[in-house]
There are 2 protein chains.
Amino acid sequence: MPNVTTNFKDRTIEYAQLLEDFKTLLKKNNLKFTIQREVILETLYNSNEHLTPEALHHLIQKRYPELKTSIATVYRTLSLLEDSNVVTSLSFGAQGKKYELGAKEHHDHLICTECGEITEFVDEEIEKRQHAITDELGFKMLDHSMQIYGICKKCQEKNK
Amino acid sequence: MPNVTTNFKDRTIEYAQLLEDFKTLLKKNNLKFTIQREVILETLYNSNEHLTPEALHHLIQKRYPELKTSIATVYRTLSLLEDSNVVTSLSFGAQGKKYELGAKEHHDHLICTECGEITEFVDEEIEKRQHAITDELGFKMLDHSMQIYGICKKCQEKNK
DNA sequence: TTGATTGCAAAACATTTGCATAACA
DNA sequence: TGTTATGCAAATGTTTTGCAATCAA
């Protein structure tokens with residue numbers, strides 16, 4: 001089977017654009033543009049990772065020690081961003097959620113259970129099958145997520 | 001595209017067999033067979049649903065009012081069963097996990113965000129693609145899960 | 001009898017919320 | 001100036017843990 005449809009993705013959107021969109025979004029909803037909100041968006045953008053609210057909060061405290069940003073504000077802003085589809089979250093059971101910028105195209109996740117690294121990919125064939133399945137059942141698909149768990153190449157080599 | 005590979009699954013394993021396996025498992029690990037552990041396994045088996053620990057606890061209290069089973073024991077037993085691959089869990093973010101018997105064959109999930117109903121399915125084409133993707137990356141797949149979120153047929157009709 | 005298991009209550013986390021103060025528009 | 005947002009601390013909800021009592025082997 002030739003691999004013609006699987007892509008391992010890179011981010012493409014620029015920060016200036018993202019910030020612009022965010023400001024527009026806030027204005028449209030009569031919300032205010034605050035330094036905390038900007039810092040949260042910016043930190044999320046510059047960390048190419050999936051972050052827990054707590055990890056994000058720590059990062060912000062390290063990067064902007066003079067700014068007192070509370071964990072409550074991080075949670076509130078993440079909810080706001082998620083409701084607006086600016087970020088999406090991945091669930092990991094009782095250990096909570098991890099957030100990532102959702103401005104990228106839709107993608108699924110490969111998760112290494114050893115080092116925690118997350119690789120993103122999109123496979124068109126899988127996307128097509130998902131639509132076929134929901135169509136058949138009369139199910140109105142709103143979203144979907146797929147995770148593949150295992151050991152990444154690096155960790156396999158480390159273990160030898 | 002003809003649908004030749006998608007199956008909506010039913011359970012096939014028998015309880016007697018499951019119980020037998022569970023007892024063997026306990027013995028092998030020097031663990032004891034208790035009435036609480038049996039009741040948890042049995043309730044999980046007889047409820048064809050994905051249950052939260054709390055829901056499972058409630059069900060048990062209703063079905064066995066004379067037996068005092070604590071929520072702590074439910075959590076402890078679910079961990080034990082999950083570690084032993086007797087049950088698997090589905091994560092729903094901060095709302096915690098739902099557990100189901102994992103003795104059934106592997107399957108994915110269709111989740112209605114309106115009524116919470118979960119439908120299981122397996123699609124061979126998707127399974128094949130998953131293997132193709134991990135093979136290409138040298139990633140050793142241990143497990144995978146896929147969830148499709150949306151509105152089920154019933155809820156769509158209810159909303160009209 | 002001995003060691004594992006249980007129930008209970010307290011502890012540990014993650015997340016949310018009320019409220020007075022501070023900051024945007 | 002008038003809201004909205006923030007930080008703080010308290011509240012909530014879920015899961016885990018310590019410990020004395022109980023139970024299985």
Side-chain angles (χ1 to χ4, degrees), chain A residues 19-20 22-43 50-61 64-84 86-87 89-99, chain B residues 19 22-43 50-61 64-84 86-87 89-99 116:
Chain A
L19 184 60
E20 205 49 48
F22 184 43
K23 285 185 177 175
T24 306
L25 175 84
L26 291 174
K27 214 164 278 172
K28 204 168 9 187
N29 292 285
N30 275 8
L31 300 174
K32 290 174 179 172
F33 180 73
T34 64
I35 182 72
Q36 286 84 354
R37 283 175 178 168
E38 170 160 22
V39 155
I40 288 167
L41 187 73
E42 192 268 343
T43 303
H50 298 70
L51 296 172
T52 61
E54 210 202 338
L56 179 55
H57 183 228
H58 270 75
L59 245 184
I60 289 170
Q61 290 187 316
Y64 302 92
E66 78 289 357
L67 184 69
K68 273 195 176 175
T69 305
S70 73
I71 187 78
T73 294
V74 171
Y75 274 105
R76 284 186 280 229
T77 303
L78 284 173
S79 295
L80 169 66
L81 292 172
E82 190 171 21
D83 290 347
S84 318
V86 178
V87 304
S89 64
L90 262 185
S91 293
F92 289 91
Q95 295 76 255
K97 293 185 184 182
K98 287 188 175 180
Y99 291 81
Chain B
L19 184 61
F22 184 44
K23 286 186 177 175
T24 306
L25 176 84
L26 291 174
K27 214 164 278 171
K28 204 169 5 187
N29 292 286
N30 275 9
L31 302 173
K32 290 175 180 171
F33 181 72
T34 63
I35 182 70
Q36 286 85 351
R37 284 174 177 168
E38 169 161 24
V39 155
I40 289 168
L41 186 73
E42 193 267 345
T43 303
H50 297 69
L51 296 172
T52 61
E54 210 202 339
L56 179 56
H57 184 227
H58 271 75
L59 246 184
I60 289 169
Q61 289 187 317
Y64 301 92
E66 78 288 358
L67 185 68
K68 275 196 177 175
T69 305
S70 73
I71 187 77
T73 295
V74 171
Y75 274 104
R76 283 186 281 229
T77 303
L78 284 173
S79 295
L80 169 66
L81 291 171
E82 191 171 22
D83 290 346
S84 319
V86 178
V87 304
S89 64
L90 262 185
S91 293
F92 290 89
Q95 295 76 255
K97 292 185 185 184
K98 286 188 175 179
Y99 291 81

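Residue numbers begin at 1 in each chain, while the letters A, B, ... track the order of the sequences. Atom set for the values below is all heavy atoms of this structure, side chains included, hydrogens, waters and symmetry mates excluded.
A straight line from CD of B/Q36 to C1' of D/dA24 spans 11 Å, rounded to a whole angstrom. Taking atom NZ on B/K97 and atom C1' on D/dT16, their separation rounds to 13 Å, with Å as the unit. When the C1' atom of D/dA25 is taken as reference, atom NZ of B/K28 falls 19 Å away, rounded to whole Å. In this structure, A/Y75 atom OH and D/dA11 atom C1' are separated by 15 Å, rounded to whole Å. If you take CG of A/L51 and C1' of C/dA14, they are 16 Å apart, rounded to a whole angstrom. The CG atom of B/N29 sits 16 Å away from the C1' atom of D/dA25 (whole-angstrom rounding). Counting to the nearest Å, the P atom of D/dA24 and the CD atom of B/E38 are 12 Å from each other. We find that NZ of B/K32 is positioned 11 Å from P of C/dT6, with the value rounded to whole Å.
Among the nucleotides D/dT17, D/dA5, C/dA25, the one closest to any side-chain atom of A/F33 is C/dA25. Comparing D/dA5, C/dT15, C/dT6 by their nearest atom to the side chain of A/R37 picks out D/dA5. Out of D/dA9, D/dT17, D/dT14, the shortest distance to the side chain of B/E54 is found at D/dT14.
Of the residues listed (A/I40, A/T77, A/T69, A/I71), the one engaging A/L56 in a side-chain contact (heavy atoms from CB on, under 4.5 Å) is A/I40, and it is the only one.
Atom-to-atom distance recorded for A/L80:CG and A/L26:CG is 6.5 Å, nearest 0.5 angstrom. Interatomic distance, A/L25 CG to A/F33 CZ, rounded to the nearest 0.5 Å: 12.0 Å.
When heavy atoms are screened at a 4.0 angstrom cut-off, B/L31 is found touching the sugar-phosphate backbone but no base atom. Using a 4.0 Å heavy-atom distance criterion, B/I35 is classed as making no nucleic acid contact.
For the OP1/OP2 pair of C/dT5 and a distance below 4.0 Å, the side-chain nitrogens and oxygens of B/R76 include no atom meeting the criterion. Using a 4.0 Å cut-off, no side-chain N or O of B/T52 falls inside it from OP1 or OP2 of D/dT14. For A/T69, no side-chain nitrogen or oxygen approaches OP1 or OP2 of D/dT6 to under 4.0 Å.
Pairing each heavy atom of B/K97 with each of B/S89, the nearest pair is CD-OG, 3.6 Å.
In terms of position on DNA chain D, the residue among B/I71 and A/A72 whose nearest nucleotide sits closer to the 5' end is A/A72.
Remark: the B/T73 side chain and the B/Q36 side chain contain no N/O donor-acceptor pair separated by less than 3.5 Å.
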